[in-house]
Amino acid sequence: MNRAKLPSFPDRLLEWWDRHGRKDLPWQQPRTPYRVWISEIMLQQTQVGTVIPYFEKWMDDFPDIRTLAHAPLDDVLTLWAGLGYYARARNLHKSALICAEKFSGNLPATAEALCSLPGIGLSTANAIISQSTDQPAAVLDGNVRRVLARHAAVEGWSGKTAVQKILWSEAEQRLPAARGADYTQAVMDLGATVCTRSKPGCDACPVAADCQALALSRVSDLPTPKPPIKVSEQTVHMLVVRDNHGRILLEKRPPAGIWGGLWCLPSGSTEARALASLGIAEVETEPLSPFEHKLSHIRMTICPLLLTAVEGTQVKCPANLGWFTSSEQDGLGLPRPVSNLLKKLNNGELN
DNA sequence: GATGCGTGGCG
DNA sequence: TCGCCAAGCAT
């Protein structure tokens with residue numbers, strides 16, 4: 001038995017990160033609070049490779065909090081289109097307004113104040129603090145949960161409060177005394193590149209020596225997977241209403257719920273009646289091929305219906321409805337299934 | 001405590 | 001192909 005004392009968990013991780021960690025991600029140069037904040041929100045449930053181009057464009061368009069606060073929400077949502085979880089974009093904009101008003105245009109410095117902003121929970125708050133001030137602060141995202149569940153052999157799905165509590169405690173116990181920024185990046189990089197969900201590289205792991213899951217041969221079944229949920233089936237009728245100029249009627253969705261705040265094809269029978277009240281006559285009604293759109297909880301069957309409006313019938317349009325040309329649609333940032341549908345329509349690939 | 005919220009990558 | 005799920009948070 002080797003009784004030589006191991007370096008601490010954070011020391012081993014930091015030494016590993018110095019040699020193998022990622023140091024060239026866009027939000028790491030420079031690591032300002034604003035840039036770290038935007039990156040952390042974009043990275044929620046979203047992979048690094050997907051985020052990078054959105055982050056670059058964001059920094060071009062909204063280089064600081066005040067610019068973001070003064071920007072129209074529509075511009076923010078348009079940039080966000082395609083990233084998903086659009087509440088994140090609405091919350092960023094709202095938070096920027098709060099910061100401009102209450103914190104003189106800066107992000108607040110404490111975790112408690114950060115958590116008061118919409119869209120920021122404890123993990124994101126601590127990620128912002130540790131990466132922008134270099135103070136050690138515990139984060140608990142998917143990568144860290146996997147590393148800790150294995151290293152400490154924590155049983156149970158992390159969605160359970162009791163399990164979450166243990167993982168937070170394990171995260172805090174492992175914090176270093178200094179180098180908070182590098183440590184946060186290190187533990188996330190370890191989860192992303194070594195302690196991966198499948199085929200983890202335990203041979204290359206700096207903390208394998210005291211990994212409980214490895215000692216117990218439990219690496220492959222920790223962390224405990226999420227119990228299966230049942231996916232609901234939903235049918236949505238999307239109306240493709242064209243006028244004689246080839247423009248298409250779009251509807252701005254209410255701020256909450258799916259695709260909140262985005263322009264979208266009008267959906268459902270209620271909207272169909274609303275169209276009738278606008279005086280839009282249909283000279284032609286043509287069902288297009290239904291297609292599936294899968295979300296995490298819903299299997300959505302989208303049934304497009306092609307309508308052609310008679311000339312001069314679009315008299316008065318409520319604020320949440322508008323006619324858009326093909327090039328105007330591109331600038332709006334439509335939800336993926338909608339933009340895909342319209343693209344096929346323009347290419348004549350439908351019917 | 002359970003659900004809702006998007007999209008794309010990957011085995 | 002298809003199911004899982006990724007740098008979570010709000011309600």
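Small disclaimer: the values here were computed from a predicted structure and weren't measured. Below, chain A is the first sequence line, B the second, and so on; all start at residue 1.
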So does [X] get a side-chain nitrogen or oxygen closer than 4.0 Å to the phosphate oxygens (OP1/OP2) of [N]?
X        : N     : value
A:Lys160 : B:dA2 : yes
A:His297 : B:dG6 : no
A:Tyr85  : B:dG4 : no
A:Gln45  : C:dG8 : yes
A:Arg88  : B:dC5 : no
A:Thr124 : C:dG8 : no

So which of A:Tyr54, A:Phe55, A:Phe62 actually passes ring pair (Phe, Tyr, Trp, His ring centres under 6.0 Å) with A:Trp58? A:Phe62
Closest to side chain of [X], choosing from [options]:
X        : options              : result
A:Arg197 : C:dC4, C:dA7, B:dT7  : C:dC4
A:Ser123 : B:dT7, C:dC9, C:dA7  : C:dC9
A:Thr161 : B:dG1, B:dG11, C:dA7 : B:dG1
A:Glu40  : B:dG9, B:dA2, C:dA7  : C:dA7
A:Leu295 : B:dG6, C:dA7, B:dG8  : B:dG6
A:Asp141 : B:dG9, C:dA7, B:dT7  : C:dA7
A:His293 : B:dT7, C:dA6, C:dC9  : B:dT7

When the distance from [atom1] of [X] to [atom2] of [N] is rounded to whole Å, what number comes out?
X        : N     : atom1 : atom2 : result
A:Leu43  : C:dA7 : CG    : C1'   : 5 Å
A:Lys294 : B:dG9 : NZ    : C1'   : 14 Å
A:Trp168 : C:dG8 : CH2   : P     : 11 Å
A:Leu77  : B:dT7 : CG    : P     : 12 Å
A:Tyr54  : B:dG6 : OH    : P     : 13 Å
A:Ile52  : C:dA7 : CD1   : P     : 14 Å
A:Glu292 : B:dG6 : CD    : P     : 19 Å
A:Lys94  : C:dC9 : NZ    : P     : 16 Å

Hey, which of A:Gln173, A:Lys165, A:Glu172 is the one that makes side chain to side chain donor-acceptor pair (under 3.5 Å) with A:Ser169?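 Only match with A:Ser169 under side chain to side chain donor-acceptor pair (under 3.5 Å): A:Gln173.
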With respect to A:Arg179, which candidate in A:Asp134, A:Thr184, A:Asp11, A:Asp18 satisfies the side chain to side chain donor-acceptor pair (under 3.5 Å) definition?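 Result: among A:Asp134, A:Thr184, A:Asp11, A:Asp18, A:Asp18 is the only option passing the side chain to side chain donor-acceptor pair (under 3.5 Å) with A:Arg179.
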Touch check for [X], heavy atoms < 4.0 angstrom, all strands: base, sugar-phosphate only, or nothing?
X        : answer
A:Gly82  : sugar-phosphate
A:Ile258 : sugar-phosphate
A:Gln131 : nothing
A:Pro227 : nothing
A:Gly159 : nothing
A:Leu262 : nothing
A:Arg299 : sugar-phosphate
A:Lys199 : nothing
A:Leu83  : base
A:Ser39  : nothing
A:Trp27  : base

In terms of heavy-atom contacts, does NZ of A:Lys252 have more than 12 from other residues, nucleotides or ligands at under 6.0 Å?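 Buried by this count: over 12 neighbours within 6.0 Å.
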Above 12 or not: heavy atoms from other molecules or residues under 6.0 Å from NZ of A:Lys23? yes
Using atom P of each nucleotide, how far apart are C:dC9 and B:dG8 to the nearest Å?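 Straight-line distance between the two P atoms is 23 Å.
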P gap between C:dA7 and B:dT3, integer Å: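 Per the computed distance, 24 Å lies between those P atoms.
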Output, in order, the C-alpha distance, side-chain angles, deciding distance and verdict of side chain to side chain donor-acceptor pair (under 3.5 Å) for A:Asn143 and A:Arg146. CA-CA 5 Å; A:Asn143 286 318; A:Arg146 189 168 53 254; 2.8 Å; yes
Can a donor-acceptor pair under 3.5 Å be found between the side-chain atoms of A:Thr46 and the base atoms of B:dG6? yes
Is the base of C:dA10 touched by the side chain of A:Arg90 through a donor-acceptor pair closer than 3.5 angstrom? no
Within the 4.5 Å heavy-atom criterion, are A:Pro206 and A:Glu15 side-chain neighbours or not?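 When only atoms from C-beta onward are counted, A:Glu15 and A:Pro206 do not touch, as no gap falls below 4.5 Å.
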For the pair A:Asp60 and A:Lys57, evaluate salt bridge (charged side-chain N to carboxylate O under 4.0 Å, His left out) and give the outcome as yes or no after the intermediate values. CA-CA 5 Å; A:Asp60 285 345; A:Lys57 176 94 166 63; over 6 Å; no
Which comes earlier along DNA chain C counting from the 5' end, the contact point of A:Gly121 or that of A:Gln47, where each point is its nearest nucleotide? A:Gln47
Residue closer to the 5' end of DNA chain B, A:Pro335 versus A:Ser198 (nearest nucleotide):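 So the residue in question is A:Pro335.
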May I ask you to list the residues of residues 143-158 of chain A, by number, that have any heavy atom positioned under 4.0 Å from an atom of DNA chain C? A:Asn143, A:Arg146
Connected-component partners of A:Val219 among ILVMFWY, side-chain separation under 4.5 Å: A:Leu214
Does a side-chain N-to-carboxylate-O contact under 4.0 Å join A:Arg247 and A:Glu328? no
Give the C-alpha distance, both sets of side-chain angles, the deciding distance and a yes or no for side chain to side chain donor-acceptor pair (under 3.5 Å) between A:Thr78 and A:Asp75. CA-CA 5 Å; A:Thr78 295; A:Asp75 291 358; 5.4 Å; no
